[in-house]
> 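Mind looking over this structure? Questions follow.
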Amino acid sequence: NAGVMQNPRHLVRRRGQEARLRCSPMKGHSHVYWYRQLPEEGLKFMVYLQKENIIDESGMPKERFSAEFPKEGPSILRIQQVVRGDSAAYFCASSRRNEKLFFGSGTQLSVL
Amino acid sequence: AQRVTQPEKLLSVFKGAPVELKCNYSYSGSPELFWYVQYSRQRLQLLLRHISRESIKGFTADLNKGETSFHLKKPFAQEEDSAMYYCAPGGNQFYFGTGTSLTVIP
């Protein structure tokens with residue numbers, strides 16, 4: 001089991017472009033969580049998904065951000081029309097139901 | 001939703017001194033609580049889970065229902081304990097605390 005895989009590790013985008021962050025959960029895990037970690041700040045919950053369903057997106061900005069976890073393939077966090085304030089580390093975690101989280105190594109997004 | 005609060009953003013202690021990282025929760029019922037740790041340049045990982053009542057790397061955390069707290073403690077801090085620590089509620093909604101950055105001064 002390779003663990004939670006996130007790619008890319010580093011993503012550079014210019015203002016106005018789209019950013020797509022991918023997360024492949026651990027084998028057997030059907031719960032995926034996305035978090036954002038801003039410089040000098042803690043971990044902020046964004047969205048919680050199960051296969052094909054968004055369970056809780058209360059931490060997601062209302063505009064430009066979306067997430068999906070399709071039946072097949074990785075979970076995708078999509079940020080449209082990125083702005084400099086979107087620059088952060090984005091972490092994905094996966095779990096089985098009611099079990100501990102396993103984290104990926106994160107994607108560092110830099111918006112120029 | 002289950003929520004936790006970590007009142008200290010930064011904490012510095014000297015090597016060998018006791019350390020306590022505070023976590024308070026704000027919901028009733030039987031909470032399920034975790035401590036996660038993120039060492040420099042590493043991914044977050046589970047440190048301990050309250051229902052297991054185990055000690056990991058010398059750390060323990062006791063659930064205090066009267067004070068609604070789940071403080072993380074270690075009697076003698078080591079330099080390698082310097083890291084970011086997050087308290088988190090369990091269930092299916094992992095709203096992490098804001099984290100406490102622990103620095104152990106040699």
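From a predicted model like this one, the values you see are computed outputs, not experimental measurements. Protein chains get the first letters and strands the later ones, always in sequence-line order, with residue 1 at the start of each.
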> Given a strict heavy-atom distance threshold of 4.5 Å, which part of A/F91 is in contact with chain B: side chain, backbone, both, or neither?
side chain
> Does any heavy atom of chain B fall under 4.5 Å from the side chain of A/Q37, the backbone, both, or neither of them?
side chain
> As an exercise, state the distance from OG of A/S105 to CZ of B/R41, rounded to the nearest 0.5 Å.
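That separation rounds to 13.5 Å.
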> Does a side-chain heavy-atom distance below 4.5 Å link B/Y36 with A/K100?
yes
> For B/F96 and A/Y35, what are the C-alpha separation, side-chain angles and deciding distance, and is it a ring pair (Phe, Tyr, Trp, His ring centres under 6.0 Å)?
CA-CA 9 Å; B/F96 279 62; A/Y35 298 86; 5.1 Å; yes
> For B/Y39, is the OH atom crowded, meaning more than 12 foreign heavy atoms sit under 6.0 Å from it?
yes
> For B/Q42, is it the side chain, the backbone, both, or neither that has a heavy atom closer than 4.5 Å to a heavy atom of chain A?
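Contact with chain A is absent: no heavy atom of B/Q42 under 4.5 Å.
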> Please tell me whether A/F65 and A/Y33 are part of a single hydrophobic cluster in this structure, the criterion being side-chain heavy atoms less than 4.5 Å apart.
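No, because A/F65 and A/Y33 fall into different hydrophobic clusters, even though each may have its own neighbours under 4.5 Å.
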> Give a yes or no on whether A/Q81 atom CD has more than 12 heavy-atom contacts from other residues, nucleotides or ligands under 6.0 Å away.
no
> How many angstroms lie between CG in A/L43 and CD in B/Q38, if you round to the nearest 0.5 Å?
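Between A/L43 CG and B/Q38 CD, I get 7.0 Å after rounding to 0.5 Å.
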> In this structure, are over 12 heavy atoms from other groups packed under 6.0 Å from B/E80 atom CD?
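Enclosed.
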> With heavy-atom distances below 4.5 Å as the criterion, would you say the side chains of B/L46 and A/L101 are in contact?
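Heavy-atom side-chain distance check fails, nothing below 4.5 Å.
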> With a cut-off of 6.0 Å (strictly less than), are more than 12 heavy atoms of other residues, nucleotides or ligands near CE of B/M84?
yes
> Check this for me: A/K51, atom NZ, are more than 12 non-hydrogen atoms of other residues, nucleotides or ligands nearer than 6.0 Å?
yes
